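Notes to accompany the following structure.
Because only heavy atoms are used, hydrogens play no part in the values below, and waters and symmetry mates are left out as well, while side chains stay in. Given the structure is predicted, the values throughout are model-derived calculations rather than measurements. Every number for a ligand or one of its atoms is a count from 1 in the order of the listing.
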Amino acid sequence: MIARSGRARRWYRVGIVVQKFGGTSVASVEKMRRCAQHVLRERASGHDVIVTVSAMGKTTDQFVALAAEASDNPSRREMDMLLSSGERISIALMAMVLESMGQPAISFTARQIGMTTDSSFTRARIESIDADVLKNELARGKVAIVAGFQGVTKEGDVTTLGRGGSDTTAVAVAAAVGADVCEIYTDVDGVYTTDPRKVPSARRLERVGTEEMLELASMGAGVLHPRAVLFAAKFGVPIHVRHSQRDDAGTIIAPGDQNKQGGQMERIEVTGIALKDGLGRVTLEGIPDTPGVAARVFASLAERTIVVDDIIQTVTVEDGKKKATVSFTVDHGELSDMRPVLDALLQDIGGGTSTIDVGFSKVSVVGAGIGSHAEVASTMFRALADAGINIANISTSEIKVGVLIDKTDGERALSLLHEAFGLGASPT
Ligand code: ASP
Ligand code: MG
């Protein structure tokens, strides 16, 4: 968009850049000053800037520990009241830092920008944002600073978006104001073929498609909150992941922009390998095999916003009657509330038993188009078999092949698959 700046009386390109700084990047006021340099740089090049920040350093973890001291079972509403306060500190300090450097700035809590969510405390979902409040401040030449991670219900209760949720705030704000890009500044320099702390030969990717990133992030690639990537995919917001203290190229995540490094377009390439720990498996056995049963099972989970991963159904015949077995994976965190939900559910659908198994990890091979190429799956299964790793479940989609394995095999599987698909940096 070309617009005329009243004050400067000149023509230049005005686009909005959203910049998100994570907890490590704003761990001290000194570090905030370094983040502010990124803001000033974008301002100097004529962009309007909206900043989203997380709580300083390990603040949120400290609040979680305090809550555990206060109660064995703190209410989720009070958890959110507590956890959301960390971001309030960092937005105010960030505004002061910018002002002290001569850049007018104003901070906002979720309530002030109408960042409304549903009322699922500790994992609320964003419903709407009042972009005008932010745009008005930008028009006045200010940098707007938005508290990450928090939201507010229609009733006025404070919510949070789930741990690591500031990324989601940033992308949602970027979508709401129509920003050109959402820059996520963090303590790593981009998205890697796999977690470099676990596999030292992992390589930084220049570009990743939003769909691939969705798979990598939800499978625990760590760099970005999965829901942030979902938002980016839904609203077509490009994300640029960058190191907050260095001036590296980072990784660009954009729709349809899959990794084509060194490859021909038709060649099927694996982009990365992800490992997700802390998974449990719920199995419902001997449930009626009639239309509507699966719908009821998943409606009852959805009602409680329990996020389920891979779902597998098989049908067996018992005493001449067809019975179904449905199993699905969930994060360990979801299991504490699961038992009563399952009991009520089995009662409702008229029979069956439920089992909960813990101690799984999931390793996924991700790449655009690989799901429909049997060689990828066969290379994967062969490599795991040669290493004596047993596969508990298999799931595939257009862009990934995932296997559920024992958690003790997780890191070993990750490195050997990274190697098997030749993803490591070539030795120099
Ligand atoms: N401060 C929150 C957390 O530590 C949100 C975030 O960092 O994104 O989970
Ligand atoms: Mg954090």
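- Contacts with ligand 1 closer than 4.0 Å are made by heavy atoms of both the backbone and the side chain of Ser166.
- For Glu419, the CD atom is loosely surrounded, since the number of other residues' heavy atoms within 6.0 Å does not exceed 12.
- Near Thr60, the atoms of ligand 1 lying under 4.0 angstrom from a non-hydrogen atom of the residue are 1 (N), 2 (C), 3 (C), 4 (O).
- Side-chain N/O atoms of Ser128 and Thr116 include a donor and acceptor closer than 3.5 Å.
- Of all atoms in ligand 1, numbered sequentially from 1 with element shown, those under 4.0 Å from a heavy atom of Arg163 are 3 (C), 4 (O), 9 (O).
- For Phe328, the ring-ring contact (aromatic ring centres under 6.0 Å, His included) test picks out Phe298, with sequence neighbours left out.
- Here His243 and Tyr185 keep their ring centres 6.0 angstrom or further from each other.
- Heavy atoms of Gly148 come nearer than 4.0 angstrom to ligand 1 in no pair at all.
- With respect to Phe121, the side chain to side chain contact (heavy atoms under 4.5 Å, CB included) criterion is satisfied by exactly one of Thr159, Thr160, Leu83: Thr159.
- Shown in contact with Glu87 at under 4.0 Å from a heavy atom are these atoms of ligand 1, numbered in order with element: 1 (N), 2 (C), 5 (C).
- Distances shorter than 4.0 angstrom occur between a heavy atom of Gly165 and an atom of ligand 1.
- Counting only distance, with no hydrogens or angles, the side chain of Ser71 and the backbone of Ala67 share no donor-acceptor pair below 3.5 Å.
- Looking at Gly162 next to ligand 1, no N or O pair under 3.5 Å apart turns up.
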